[in-house]
Amino acid sequence: MTVTEQPVGPDDKRTACCAQHHSPSARPGAEAPETARERVNRRWNEILQETRVTQTGVQILFGFLLSVAFTPLFRELETLDRAIYVTTVVLGAAATGALIAPVSIHRFLSGQRMKDEVVETAGRLMMCGMVLLALTIGCTLLLILRFVVPGVLAEVLVGGVMLWFGLCWYALPLHLRRRGDRRSRTSDA
């Protein structure tokens, strides 16, 4: 039975859940309280979804980087460009390792009743992997733009892109977190 074919009726759990969220006593925008177990399971599922997105991107980028060394133009790279390439490949490998590590940790520790620790460690590895991925993308851009754009414009463009990543990936989420914390403190008072 597909999702669209599932019956919806008064005894359907999803209806009861939705009715609970839409009851007049519930505050608008307030989420139903969750148990510690529900929270850790939700956080784990969120990490899995985030990992799927980032792993694909980093693996494609890393594969591209590995293939560059086998192109005819690679032999013509100057020493600085080779150093940028090596740095980029190492950063890409490190990002790949950090972003795939939660899967390995989960596999090794599954059934050990350590889900809290697994989720916490996986979250930190994801953050580390995102930093490494941003650096990998920045170095890749630098390597490519040094061939395409004259002078220091390549470095300026890469700096702008890295600033954009910093704003989108770190500053904005931290700003939203602080705003949410302020909002929850005022609603609790």
Side-chain angles (χ1 to χ4, degrees), residues 39-109 115-183:
R39 183 173 188 269
V40 76
N41 286 334
R42 176 186 50 79
R43 288 183 64 213
W44 178 247
N45 287 329
E46 289 170 354
I47 286 171
L48 286 178
Q49 292 301 322
E50 294 162 359
T51 301
R52 286 182 184 114
V53 171
T54 54
Q55 277 181 355
T56 302
V58 76
Q59 288 171 332
I60 290 169
L61 179 59
F62 189 56
F64 161 75
L65 288 170
L66 292 176
S67 68
V68 167
F70 300 102
T71 63
L73 285 176
F74 185 79
R75 290 180 200 89
E76 298 173 22
L77 286 180
E78 298 173 9
T79 305
L80 177 59
D81 293 324
R82 284 181 186 259
I84 293 170
Y85 173 77
V86 169
T87 302
T88 305
V89 169
V90 170
L91 286 169
T96 301
L99 293 170
I100 293 176
V103 175
S104 176
I105 290 170
H106 179 263
R107 195 50 19 229
F108 274 95
L109 300 178
K115 197 169 219 175
D116 287 334
E117 293 89 349
V118 169
V119 168
E120 188 65 33
T121 303
R124 290 183 181 181
L125 283 164
M126 287 291 298
M127 289 301 296
C128 177
M130 294 294 291
V131 169
L132 291 167
L133 177 58
L135 292 171
T136 303
I137 292 170
C139 286
T140 303
L141 279 174
L142 182 60
L143 187 62
I144 292 169
L145 292 178
R146 283 177 48 85
F147 281 98
V148 179
V149 180
V152 296
L153 184 56
E155 288 84 1
V156 170
L157 290 171
V158 170
V161 168
M162 295 308 291
L163 178 62
W164 179 248
F165 279 4
L167 290 171
C168 291
W169 291 6
Y170 302 101
L172 179 61
L174 288 173
H175 169 72
L176 293 172
R177 177 188 277 179
R178 284 190 199 114
R179 191 167 76 180
D181 289 345
R182 281 193 305 264
R183 199 177 288 154

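Every value quoted in this text rests on a predicted model; they were computed, and no experiment measured them. Values reported hereafter were calculated over all heavy atoms of this structure, with side chains retained and with hydrogens, waters and symmetry mates removed. For this chain, numbers begin at 1 and follow the sequence in order.
What you find for A98 and L132 is that their closest heavy atoms are CB-CD1, 4.4 Å. Residues A95 and G129 share a closest heavy-atom pair of CB-O, 4.0 Å. Of all the heavy atoms in C139 and I84, the pair that sits closest is O-CG2, 3.7 Å. Here the closest heavy-atom approach between residue F62 and residue A93 is recorded as CE1-N, 3.5 Å.
A distance of 12.0 Å separates CD1 in I60 from CG in L65, rounded to the nearest 0.5 Å. A distance of 7.5 Å separates CG of L133 from OG1 of T54, quoted to the nearest 0.5 Å. Between the CG atom of L143 and the CG atom of L80 there is a distance of 9.5 Å, given to the nearest 0.5 Å. Distance check: L142 CG to M162 CE gives 10.5 Å after rounding to the nearest 0.5 Å. Annotation: the span from L167 atom CG to H175 atom NE2 amounts to 11.5 Å, rounded to 0.5 Å. Between the CD1 atom of I100 and the CG atom of L125 there is a distance of 12.0 Å, given to the nearest 0.5 Å.
By the neighbour-count criterion of 12 heavy atoms within 6.0 Å, atom CZ of R82 is densely surrounded, having more than that number from other residues, nucleotides or ligands.
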Does the side chain to side chain contact (heavy atoms under 4.5 Å, CB included) test come out yes or no for R52 and Q49, once each step is laid out? CA-CA 5 Å; R52 286 182 184 114; Q49 292 301 322; 2.7 Å; yes
Let's go through E117 and L109 carefully: what are the C-alpha distance in whole Å and the side-chain angles of both, what is the deciding distance for side chain to side chain contact (heavy atoms under 4.5 Å, CB included) to 0.1 Å, and is it a yes or a no? CA-CA 10 Å; E117 293 89 349; L109 300 178; over 6 Å; no
Show, in sequence, the C-alpha distance, side-chain angles and deciding distance for E50 and M130, and conclude whether the side chain to side chain contact (heavy atoms under 4.5 Å, CB included) test is met. CA-CA 10 Å; E50 294 162 359; M130 294 294 291; over 6 Å; no
One pair to check against side chain to side chain contact (heavy atoms under 4.5 Å, CB included): E76 and D81. What are the steps and the verdict? CA-CA 10 Å; E76 298 173 22; D81 293 324; over 6 Å; no
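Inter-residue side-chain proximity for V58 and T136 is flagged as unmet; no heavy-atom pair is nearer than 4.5 Å. L77 is not listed as a side-chain neighbour of L73, based on a closest heavy-atom distance of 4.5 Å or more. Contact annotation: the side chain of L157 never approaches that of L141 to less than 4.5 Å [non-hydrogen atoms, C-beta and beyond]. At least one side-chain heavy atom of L145 sits under 4.5 Å from a side-chain heavy atom of V158. Between F64 and T140 there is a side-chain heavy-atom pair separated by less than 4.5 Å. The side-chain heavy atoms of V103 and Q55, taken from C-beta on, include a pair separated by under 4.5 Å. Looking at heavy atoms from C-beta onward, F74 lies in side-chain contact with Y85 at the 4.5 angstrom threshold. The closest side-chain heavy-atom distance from I47 to V119 is below 4.5 Å.
Using a 4.0 Å cut-off between a side-chain N of Lys or Arg and a carboxylate O of Asp or Glu, R124 and E120 qualify as a salt bridge.
The main-chain N or O of V68 is found under 3.5 Å from a side-chain atom of T71 such that the two form a donor-acceptor pair.
The aromatic rings of H106 and W44 sit parallel to each other, their planes meeting at less than 30°, with 60° as the upper class boundary.
Between F165 and Y170, a ring centre-to-centre spacing not shorter than 6.0 Å is recorded.
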